[in-house]
K.L.:
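Once you've had a glance at the structure underneath, I'll fire off some questions.
None of the values given here were measured: they were computed from a predicted structure. Quick note: numbers below take in every heavy atom, side chains included, and nothing from hydrogens, waters or symmetry partners. Proteins come first, then strands; the chains are lettered A, B, ... in the order of their sequence lines, and each starts at number 1.
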Protein chains: 2
Amino acid sequence: MQSSERQKEIVAAVFNLISDQGIQELTIKKIAQAVGVSEPAIYRHFESKSDILAAVVDEMIAHRNTTFARISGNSAATTLASFFTVQSILFEDLPALTIMLFPEDLFRNDTVLLTRIMDTMKDTLGRIRELLQAGIDEGSFRPDLDRDAVALMLVGGFRLLVSSWRLDPASGRLKEKTRRFIDGVWPLISR
Amino acid sequence: MQSSERQKEIVAAVFNLISDQGIQELTIKKIAQAVGVSEPAIYRHFESKSDILAAVVDEMIAHRNTTFARISGNSAATTLASFFTVQSILFEDLPALTIMLFPEDLFRNDTVLLTRIMDTMKDTLGRIRELLQAGIDEGSFRPDLDRDAVALMLVGGFRLLVSSWRLDPASGRLKEKTRRFIDGVWPLISR
DNA sequence: ATTTGGTTAGTTAACGTTCGCAAACATACT
DNA sequence: AGTATGTTTGCGAACGTTAACTAACCAAAT
C-alpha cells in the first residue's frame, strides 16, 4: 500500500515532533497543527495514532535499507566506515531521523512496533559483524578481533556520539565528529 | 532534606515501574497501586509528580557516585574495568536501575532534570577519559589511544550491551556478557 | 452522485491534583 | 492512668484539563 502526499506530510511532521519534543509529547493536536489542518482531518489519512507510528517505523526501516544499499560494493573496511559516515550525513541533513537510533524507549507500549524495530536493530548488528568478519578475511582487520564486542562498541559508540551532538549541536558538525571517531577507532581494529 | 520510609518506598516503586513499562506509562495511579495506598496519599509525601522524578534522579546520581567511590584505589586499568563489572552486578541485582543508562529520553520534558542528568553523564565520560589517560601514563594502555573515541566506544558499547540484555534477559547473565565485552575490548586498547 | 478531504462540536476516558473528613498517633496536662 | 490536643497519614469524592477519537455536516472534485 503506497502512501499519499498528505500521509507523507504527516509522517514527516511526526518525525520532527518526536525529534524535538520526544514521543511522550506527541499528540494528534500537535501533528494537526504542524501539518496545518484540524485534528479530525488527520483521521482521514490514518485510522489511529498507532497507525501513524507504524508508518514512522516503516520509514525508519526503509531509510536503513537505503543506507545499506548505498554503501555496498566496496571493500569490507570501506563499507563499514561508510555505514557511519553516510548516516552522519543523513542525520546532519535531517536531524529528525536520529530517532532511528534510539527506538527502544519510543515504542515500549506497542509490542508489535517494538518487536519490528528491535529485529531491525539486531539485523544491523549482525550485518556489522559480517562486515567485520569479511574485513578480517580480506586482511584489513586484526584477525583476533572479537566481532561481537567490536560490533557493540562501534554501534554503541556511534549512538552516543550522535546523541551528544543532538543535545549540543553547536559543538560542531556531526560528519566531522564521526570522522574523528572512526579515525580514533580504526587503528585499534586494523592490523 | 532526608527522605522518609514512604518516600523511599515510592521512589523504589517508580524505578520498577519506569523500568518495566517506560516513563510514558508512569502515572500516579500506578505508583499508588504499587505502594498499596490511594492516589491522594502519594501527595502526602511528594508535592507533585515532577517532585517524585527529581527524587528518582537524585538516587540515580547517588548510585553513580557510590559506584565511583567503590572502584577507586586500584590501577587505572583495573578501575576502568571495575566500573563496568560493578555496574553489571548492580544491574543484575536491581534491573530497574538500568534506566540510569538511558536518561536522555526519560526527562525530555523537564529541562531542569534533563540538564542535571546530562551533566552527570558528561562527568562520567570525563572520568573515563581521565582513567584512559592514567592507564596510558602507567603503561597499561596504548600510548596512541584516542581517549575521546575510546571513551565513547566503551560507554556506548556497554549501554548497548545492557539494553539488549534487558530486552532479552534469557540470553544469559549480564555479568558474564560484560566480562566477555571487556575481554574483547581490552586487547585492542592494551599495549 | 459519490468519493475525498476538510470543518465544528462533541464524547469518553484518563490524567494530575485538591478538598474535606476521619482514624492513628504522639505529646502534654490533670 | 486518662483525657485533651495537635499533627500525620490515610481515604473517597470530585475538579479541571487534555488525550484520542467520533458524529454530523459541508464543499469541491471526479
K.L.:
Whole Å only: how far is the NZ atom of A:K29 from the C1' atom of C:dA9?
P.N.:
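Atom NZ in A:K29 sits about 14 Å away from atom C1' in C:dA9.
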K.L.:
Rounded off to whole Å, could you give me the NE2-to-C1' distance for the B:H45 and D:dT8 pair?
P.N.:
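Interatomic distance, NE2 of B:H45 to C1' of D:dT8: 9 Å.
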K.L.:
Heavy atoms only, 4.0 Å cut-off, all strands: where does B:L26 land among base, sugar-phosphate and nothing?
P.N.:
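Contact class for B:L26: sugar-phosphate only.
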K.L.:
Looking only at atom types and distance, does a side-chain atom of B:S140 sit under 3.5 Å from a main-chain N or O of B:I136, one as donor and one as acceptor?
P.N.:
no
K.L.:
So which one's nearest nucleotide on DNA chain D is more toward 5', A:K30 or A:E47?
P.N.:
A:K30
K.L.:
Atom CD1 of B:I42 to atom P of D:dT8: distance rounded to whole Å?
P.N.:
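Taking atom P of D:dT8 as the reference, CD1 of B:I42 is at 18 Å.
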K.L.:
Starting at atom CD1 of A:I28, determine the distance to atom P of D:dT22, rounded to an integer number of angstrom.
P.N.:
11 Å
K.L.:
Starting from P on D:dA20, measure out to CG on A:L53 and report it in whole angstrom.
P.N.:
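Going from CG in A:L53 over to P in D:dA20 covers 10 Å.
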K.L.:
Identify which nucleotide among C:dT18, D:dA20, C:dT7 has an atom closest to any side-chain atom of A:V37, counting heavy atoms from C-beta outward.
P.N.:
C:dT7
K.L.:
Consider the side chain of A:E39, meaning its heavy atoms from C-beta on, and name the nucleotide among D:dC11, C:dT17, D:dC21 that approaches it most closely.
P.N.:
D:dC21
K.L.:
Quick check: on DNA chain C, is the nucleotide nearest B:K49 upstream (toward 5') of the one nearest B:R44, or the reverse? Name the residue that is more 5'.
P.N.:
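Nearest-nucleotide comparison on DNA chain C picks B:K49.
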K.L.:
Give one of base, sugar-phosphate or nothing for A:S38, where a contact means two heavy atoms less than 4.0 Å apart.
P.N.:
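It contacts base atoms.
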K.L.:
Could A:R129 and A:D148 be called an ion pair, given the rule that one side-chain N must be under 4.0 Å from one carboxylate O?
P.N.:
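Yes, charged N to carboxylate O under 4.0 Å.
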K.L.:
Which whole-number value in Å describes the distance from B:I52 CD1 to C:dC15 P?
P.N.:
14 Å
K.L.:
I'd like to know if B:D146 and A:R180 make a salt bridge, using a cut-off of under 4.0 Å between side-chain N and carboxylate O.
P.N.:
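No, no charged N to carboxylate O under 4.0 Å.
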K.L.:
Just checking, A:R191 and A:F141: is the charged tip under 6.0 Å from the six-membered ring centre and within 45° of the axis?
P.N.:
no
K.L.:
Whole-Å distance between D:dA19 P and B:E25 CD?
P.N.:
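For the pair B:E25 CD and D:dA19 P, the rounded distance is 16 Å.
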K.L.:
Taking A:E92 as the fixed residue, which of A:Q87, A:R173, A:K175 is the one that meets the side-chain hydrogen bond (donor to acceptor under 3.5 Å, both in side chains) rule?
P.N.:
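It is A:R173; the other options fail the test.
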K.L.:
For the side chain of A:S48, starting at C-beta, report the closest nucleotide among D:dC21, C:dG5, D:dG12.
P.N.:
D:dC21
K.L.:
From the set D:dA23, C:dG16, C:dG5, return the single nucleotide nearest to any side-chain atom of A:R6.
P.N.:
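Output: C:dG5.
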K.L.:
Measure the distance from CD on A:Q21 to P on D:dA19 and round it to the nearest whole Å.
P.N.:
11 Å
